[in-house]
Amino acid sequence: MKSPITLQINGQDYDIFIEGRTRLLDAIREQCDLTGVKEGCSTGDCGACTVLADGKPIASCMTFAMAAQGKELMTIEGLAQNGQLHPLQEEFIEQGGLQCGICTPGMILSAKALLDENPNPTTDEIRFALAGNLCRCTGYQKIIEAVVAASERQAQSV
Amino acid sequence: MKDFTYLAPSSIAEAVALLAEHQGKTKITAGSTDLLLMMQDGVFAPDYVIDVTHIPELTALQFDPARGLTLGASTPLRRIETNRLVLEKYPHLAKAASEIGSVQIRNRATPGGNICTATPSGDILPTLISLQTTVRLASVRGERSMLLENFITGVRRTVIASDELLVDLQIPAPPPFTSGVYIKLDTRPQMDLAMVGVAATVSLVPGDSTIKNVTLCLGAVAPTPIRVPEAEALLAGHKLTDDLLAQAGQAAARAARPISDVRASADYRREQCDLMTRRALVQAVERARNAQ
């Protein structure tokens with residue numbers, strides 16, 4: 001049975017009708033039309049479906065949409081401000097931190113949560129924070145370099 | 001996945017009333033990192049899913065020098081892993097919590113889930129058992145408490161009744177010169193299940209390195225996490241010597257009843273029980289020596 005709920009995503013309210021079994025991933029993609037969040041493994045292993053809930057990365061494929069009510073959600077669409085890309089987005093481009101791009105939204109959101117908590121992470125801390133995001137193209141090194149570059153850039157702009 | 005009605009009670013009384021009303025047709029959820037996948041696979045098909053994350057007692061993380069640590073069943077693992085008090089008083093619990101899945105999973109997954117799912121490889125179980133953790137269950141019939149090691153009875157089996165809610169865990173306050181370690185054998189630092197897990201909590205005689213008592217628990221080598229009473233008994237009252245370590249390691253290997261599966265063979269697991277037990281004891285004693 002469908003019930004009305006409100007999801008708050010990227011600062012905007014989405015009034016949608018969902019079933020109890022609807023996954024957060026499907027609610028965001030199919031009801032809110034935000035397709036930046038990707039479906040990879042559907043079992044919590046790959047991190048392509050990562051979104052932020054109250055600033056913390058979660059796997060939207062293993063979360064019921066009902067459970068996300070009242071949380072401030074962020075998808076990759078919410079990261080750029082006034083048309084200006086986030087330093088992480090710019091550095092992923094600059095450093096070649098992506099190829100096919102499927103893992104990138106989740107990868108960048110996990111990295112954002114890390115930098116918000118720990119603005120100057122070591123490369124080990126970056127690898128730990130991104131362990132739940134798989135990338136089959138880059139070999140990870142350029143992703144790590146992009147996160148390091150973004151953290152350095154943010155440090156300079158403070 | 002079969003559809004269901006999603007319920008989100010805000011008190012224990014409300015939650016246990018729902019469990020009683022819909023007895024046998026419910027599943028309790030917190031992070032849903034296990035449950036959703038199992039429902040997707042058709043293992044469970046409840047009519048009602050009860051989200052217990054809005055109940056204040058279930059998200060408690062409170063330390064009292066007399067009572068110890070009260071840990072709500074649906075406190076996210078990531079919060080346990082990063083909590084300064086847990087890191088200081090129960091470093092092995094923080095470590096064990098950090099061994100589960102990824103940051104994404106630990107932001108949702110909870111000790112209540114790890115305990116009630118009760119897989120042999122559940123990473124926080126050996127450490128919690130080595131800390132002599134008590135679990136508190138509530139239902140409309142009343143409350144009961146028991147040691148966690150008596151709560152888990154087999155692979156994915158516990159004594160919880162279908163109308164009961166796991167409320168919280170009570171972990172005794174560590175006496176001075178008490179600490180512990182959790183060591184996990186896996187193929188990569190994160191996102192992997194344990195081939196073997198060893199947890200040890202050690203109390204030393206103050207000002208001495210004589211072991212007052214030690215609680216040793218093995219994970220992933222039997223249907224449930226198992227204590228090693230033989231090793232615990234032979235270490236109590238002694239300083240750690242190479243000979244005692246060897247005996248303790250062998251006792252652990254004898255206690256193990258591992259299976260061979262895709263992750264490791266039974267022989268390899270048993271061999272590792274010996275080695276990892278010795279390692280865990282050496283590290284736990286070292287930590288306890290420095291724990292005030």
Side-chain angles (χ1 to χ4, degrees), chain A residues 1-3 5 18-27 37 40-71 106-107 109-114 116-118 121 124-134, chain B residues 1-10 25-42 44-54 59 74 76-79 81-82 95 98-110 113 186-193:
Chain A
M1 196 185 69
K2 289 196 174 183
S3 333
I5 67 159
I18 58 160
E19 296 180 321
R21 63 181 167 181
T22 306
R23 299 177 304 173
L24 179 59
L25 169 69
D26 301 317
V37 56
C41 66
S42 322
T43 52
D45 293 288
C46 80
C49 71
T50 302
V51 299
L52 302 186
D54 296 331
K56 297 179 193 309
I58 64 169
S60 64
C61 78
M62 52 203 326
T63 302
F64 292 117
M66 291 281 186
Q69 294 175 90
K71 298 189 191 299
M107 198 68 85
L109 289 172
S110 285
K112 179 190 187 297
L114 169 67
D116 287 349
E117 229 175 63
N118 177 1
D124 279 352
E125 287 169 335
I126 295 170
R127 287 177 190 279
F128 185 83
L130 300 183
N133 294 83
L134 299 187
Chain B
M1 193 189 316
K2 186 175 87 83
D3 196 23
F4 55 83
T5 302
Y6 199 87
L7 303 167
S10 53
K25 298 179 185 163
T26 63
K27 271 287 168 190
I28 295 171
T29 188
S32 74
T33 53
D34 269 325
L35 183 70
L36 192 153
L37 300 187
M38 290 171 83
M39 288 172 60
Q40 211 157 248
D41 289 345
F44 299 122
D47 293 330
Y48 300 89
V49 169
I50 304 180
D51 178 343
V52 293
T53 59
H54 301 283
T59 51
S74 59
L77 292 171
R78 180 75 179 152
R79 198 173 148 218
E81 158 196 0
T82 56
K95 172 72 175 161
S98 80
E99 291 283 358
I100 293 175
S102 59
V103 175
Q104 287 94 321
I105 289 171
R106 298 196 297 277
N107 276 328
R108 300 275 308 152
T110 66
D186 52 10
T187 52
R188 47 183 175 156
Q190 280 198 87
M191 299 295 289
D192 205 359
L193 300 177

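Numbers restart at 1 for each chain; the letters A, B, ... are given by sequence-line order, proteins then strands.
- Between the side chain of B/Gln104 and the backbone N or O of A/Gly44, no donor-acceptor pair lies under 3.5 Å.
- For chain B, the option among A/Leu52, A/Val51, A/Thr63 with the highest count of heavy-atom pairs below 4.5 Å is A/Thr63.
- Across A/Glu19, A/Met66, A/Arg21, a single residue satisfies side-chain contact (heavy atoms from CB on, under 4.5 Å) together with B/Tyr6, and that is A/Met66.
- Listed by chain and residue number, nothing satisfies the salt bridge (charged side-chain N to carboxylate O under 4.0 Å, His left out) test with A/Asp45 (two or more places apart in sequence, or in another chain).
- Counting heavy-atom pairs closer than 4.5 Å to chain A, the top residue among B/Val103, B/Thr5, B/Asp3 is B/Asp3.
- Of the residues considered (A/Ala113, A/Ala129, A/Ala67, A/Ser110), A/Ala67 shows the highest number of contacts with chain B, using heavy-atom pairs under 4.5 Å.
- Most heavy-atom pairs under 4.5 Å with chain B, from the set A/Leu114, A/Thr50, A/Leu130: that is A/Thr50.
- Taking every heavy atom of both residues into account, A/Gly132 and B/Ser102 meet most closely at CA-CB, 3.4 Å.
- Residue B/Met1 touches chain A through both its backbone and its side chain, counting heavy-atom pairs closer than 4.5 Å.
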Can you list, pair by pair, the side-chain donor-acceptor contacts under 3.5 Å of residues 32-39 of chain B, counting residues two or more places apart and other chains?
{"unit_1": "B/Ser32", "atom_1": "OG", "unit_2": "A/Met62", "atom_2": "O", "d": "2.7"}
{"unit_1": "B/Asp34", "atom_1": "OD2", "unit_2": "B/Thr117", "atom_2": "OG1", "d": "3.4"}

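- Within 6.0 Å of atom NZ in B/Lys2, more than 12 heavy atoms from other residues, nucleotides or ligands are found, so the atom counts as buried in its surroundings.
- Only the backbone of A/Cys61 comes within contact range of chain B, judged by heavy atoms closer than 4.5 Å.
- Of all the listed residues (B/Arg78, B/Arg106, B/Gln40, B/Arg108), the one sharing the greatest number of non-hydrogen pairs under 4.5 Å with chain A is B/Arg108.
- In this structure, chain A has a heavy atom under 4.5 Å from the side chain of B/Asp51, while its backbone stays farther away.
- Contact of A/Thr22 with chain B is not made at all, since no heavy-atom distance falls under 4.5 Å.
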